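The shown structure was predicted, so the numbers you read here are calculated from the model rather than taken from an experiment. Lettering of chains follows the sequences in order, A, B, ..., and the numbering in each one begins at 1.
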Amino acid sequence: MPSGRVPLALLHERVNAWYATEGRAHLPWRHPDCPPWGVFLSEVMSQQTPLARVEPIWHEWMERWPTPAALAAAAPGEAVRAWGRLGYPRRALRLHEAATAMVERHDGQVPRTPEELLALPGVGAYTAAAVSCFAFGLPEVVVDTNVRRVLARTLEGKAFPHLTLNRAEARLAAASMPADRDTANTWNVAVMELGALVCVARGPRCGDCPVADLCAWNLDGRPAYDGPPRRGQAWHGTDRQVRGELLRRLRDSVTPLPVQALEGSGDDPLQVMRCLDSLVADGLVEPLPRRRYRLPA
DNA sequence: TACGCGTGGCG
DNA sequence: TCGCCAAGCGT
């Protein structure tokens, strides 16, 4: 439960002022001339992915596919190939599908409202709100992992939020929004940035924080996290690893690969074939006659 | 609601 | 070293 003791107006003022001087204004999708399509791309690419890895891929995509129509005209497999090692490659496929939907339903434009954005593949509550706000200036409630952590600490005095975003937390985020539209738009990006640069998960830099003297967690002596265990993500020997290796081989080949060239993608042959089937089912891989495979044309 | 989904860097 | 974490989404 929020303490109700943190003065929100002061919180907004401090965080927004901090962002004006310390925020990464050089990020290309934050440039005033960046089109909504560039913002849209950056948001999908940034899902569960550090920005440092996103930036070079973003530049390549914007040069190659500067509009939704340009991407929609390409083969989906080319989007998967250009995705490189960004991770979660289904996002590349969904971007291609979203671009197609923009051409068919939105006159080739990125839609403006959260409702329209939510209807696009690969767009959830966070991305819809972020694009509405950052590309079009609508004061939506933008809640990502950074915002959740900052609010958990400053308002609730906890080291980390719950494992999953629940209704009470969404209410808290909405209630913590500035009433003024311009202030709200800056707040959305500024509080995210504070979580990304200062109020980080491990080793928070409270000495550099503009609201350390208001933060319930800091004022309470930064008590350790005492909630349920935060489950890690298995990797070695998992389907994820095998799928990643299969896709890496297919990305690196200009021509279709025979199944023999893919068999060594894991230690368990049955697992490799199961993963290959799952990639086909996901639309990330296209099967050809004579047991050959390629990225979808 | 809980889980599966890539990849790589950092403490 | 190795587990944790990163501008989440779909089922």
Per-nucleotide protein contact string for nucleotides 4-11 of chain C, where B marks a base within reach and S marks sugar-phosphate only (heavy atoms under 4.0 Å, - for neither): BBBBBSS-
Length of the line joining Leu86(A):CG and dG8(B):C1', which is rounded to integer Å: 11 Å
Length of the CE-P vector between Met45(A) and dG8(B), whole Å: 16 Å
Interatomic distance where NE2 belongs to His236(A) and P belongs to dG6(B) [whole Å]: 18 Å
Interatomic distance where CG belongs to Leu197(A) and C1' belongs to dC10(B) [whole Å]: 16 Å
Comparing Leu279(A) and Leu163(A) on DNA chain B - which has the more 5′ nearest nucleotide: Leu163(A)
Touch class at under 4.0 angstrom, heavy-atom based, for Asp239(A) against every strand present: sugar-phosphate
Sugar-phosphate only, base, or nothing, as touched by Leu247(A) at under 4.0 Å among non-hydrogen atoms: nothing
His162(A) atom NE2: more than 12 heavy-atom contacts under 6.0 Å: no
dC4(C) to dC3(B) separation - P atoms, rounded to the nearest Å: 15 Å
Side-chain donor-acceptor pair present, Tyr126(A), Glu43(A), cut-off under 3.5 Å: yes
Whole-Å distance separating the CH2 atom of Trp83(A) from the P atom of dG8(B): 14 Å
Side-chain donor-acceptor contacts of residues 80-87 of chain A below 3.5 Å, not counting sequence neighbours, with atom names and distances?
| residue | atom | partner | partner atom | Å |
| --- | --- | --- | --- | --- |
| Arg81(A) | NE | Glu78(A) | OE2 | 3.4 |
| Arg81(A) | NH1 | Arg251(A) | O | 2.6 |
| Arg81(A) | NH1 | Ser253(A) | O | 3.2 |
| Trp83(A) | NE1 | Gly87(A) | O | 2.8 |

Side chains of Val198(A) and Trp18(A) in contact at under 4.5 Å (non-hydrogen atoms): yes
Spacing of the P atoms in dG11(B) and dA7(C) (rounded, Å): 14 Å
Of all pairs that satisfy ring-ring contact (aromatic ring centres under 6.0 Å, His included), the ones with a partner from residues 200-231 of chain A, not counting sequence neighbours: Phe160(A)-Tyr225(A)
Full working for salt bridge (charged side-chain N to carboxylate O under 4.0 Å, His left out) between Glu97(A) and Arg94(A): CA-CA 5 Å; Glu97(A) 294 169 14; Arg94(A) 289 174 181 148; 5.9 Å; no
